Amino acid sequence: MDSWVETLIKRLQGDIPLVTEPFAEIAQETGRSQQELIGIITRLKQDGVIRRFGAILGHRQAGFAHNVLVMWEIPENMVDEAGEYMASFREVSHCYLRETPDHWPYNMYTMIHGRSEEDVNKVVADIAARFEPSRYRLVRSVREFKKTSMTYY
């Protein structure tokens, strides 16, 4: 990847200016025209290098104070179907299939957010009813120490 593109990605990972034309300011910083910059960003998004632009919500401050990590034991022949179903819930922010170390039964993980414990429990119950996992465990969030997006450059 071109070092200039890496510099651009590094810049885009941080806060984007809250101005009418934020890309004009970034273009000026990088010595490119705004049209050229937007074209490069568009191409990076089309190529899958940039996944999306969006606001990062402080979920607790916005009223989504109930969060639970659910560890699921899903049979190997059902992981694709289960993963797609779990990921379809808007309350699920993360859904992963992970390696299972010896003596650890849980292979799928979801992070579920809700305004109430009942909201979270309903999603868990819906998933459990559909896949009838032999085991699953809920680990509720107690305190947040860090929450940031990954910075790659």
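Note that these values count all heavy atoms, side chains included, but never hydrogens, waters or copies made by symmetry. These figures come from a predicted structure and were not determined experimentally.
When side chains are defined from C-beta on, Lys45 does not count as touching Ile41, because their heavy atoms never get closer than 4.5 Å. For the pair Ile40 and Arg43, the minimum side-chain heavy-atom distance is below 4.5 Å. Side chains of Met111 and Ser141 form a contact here, defined as non-hydrogen atoms less than 4.5 Å apart. Side-chain contact between Met71 and Trp104: present, with at least one pair of heavy atoms (C-beta onward) separated by less than 4.5 Å.
Residue Tyr106 is not grouped with residue Met78 when hydrophobic side chains (ILVMFWY) are merged at heavy-atom distances under 4.5 angstrom, including chains of intermediate members. The hydrophobic cluster containing Val92 also contains Tyr136, counting ILVMFWY residues as joined when their side-chain heavy atoms lie under 4.5 angstrom apart, directly or transitively. Following chains of ILVMFWY side-chain contacts shorter than 4.5 Å, one can reach Ile74 starting from Leu97, so the two form part of one hydrophobic cluster. Both Leu138 and Ile112 are part of a single hydrophobic cluster, where members link through side-chain heavy atoms under 4.5 Å apart. At a threshold of 4.5 Å between side-chain heavy atoms, the hydrophobic network of Ile, Leu, Val, Met, Phe, Trp and Tyr places Val68 and Tyr96 in two separate groups.
The two residues Thr110 and Cys95 make their nearest non-hydrogen contact at CG2-SG, 4.0 Å. Between Gly114 and Val120, the shortest heavy-atom distance links the atoms N-CG2, 3.6 Å.
No option in Met86, Arg98, His94 other than Arg98 meets the side chain to side chain contact (heavy atoms under 4.5 Å, CB included) test with Tyr109.
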Would Val79 and Phe131 count as a side-chain contact (heavy atoms from CB on, under 4.5 Å) if you check the C-alpha gap in whole Å, the side-chain angles of each, and the deciding distance to 0.1 Å?
CA-CA 10 Å; Val79 295; Phe131 293 99; over 6 Å; no
Evaluate Trp72 against Ile127 for side-chain contact (heavy atoms from CB on, under 4.5 Å), listing each step before the verdict.
CA-CA 10 Å; Trp72 306 88; Ile127 294 170; 3.4 Å; yes
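With respect to Arg130 and Asp126, no salt bridge is recorded, no charged nitrogen being found less than 4.0 Å from a carboxylate O.
For Asp15, the CG atom counts as loosely surrounded, since its 6.0 Å shell holds 12 or fewer non-hydrogen atoms of other residues, nucleotides or ligands. By the neighbour-count criterion of 12 heavy atoms within 6.0 Å, atom CD of Glu21 is sparsely surrounded, having that number or fewer from other residues, nucleotides or ligands. By the neighbour-count criterion of 12 heavy atoms within 6.0 Å, atom CD of Glu36 is densely surrounded, having more than that number from other residues, nucleotides or ligands.
Within the model, atoms NE2 of His66 and CG of Asp119 stand 8.5 Å from one another, a figure rounded to the nearest 0.5 Å. In this structure, the separation between CG on Leu8 and CZ on Arg11 is 9.5 Å, given to the nearest 0.5 Å. Note that OG1 of Thr30 is 11.0 Å distant from CD of Glu25, once rounded to the nearest 0.5 Å. Here the NZ-OG1 distance, from Lys10 to Thr7, works out to 7.5 Å after rounding to the nearest 0.5 Å. Remark: Glu73 CD to Arg135 CZ distance equals 4.5 Å, nearest 0.5 Å.
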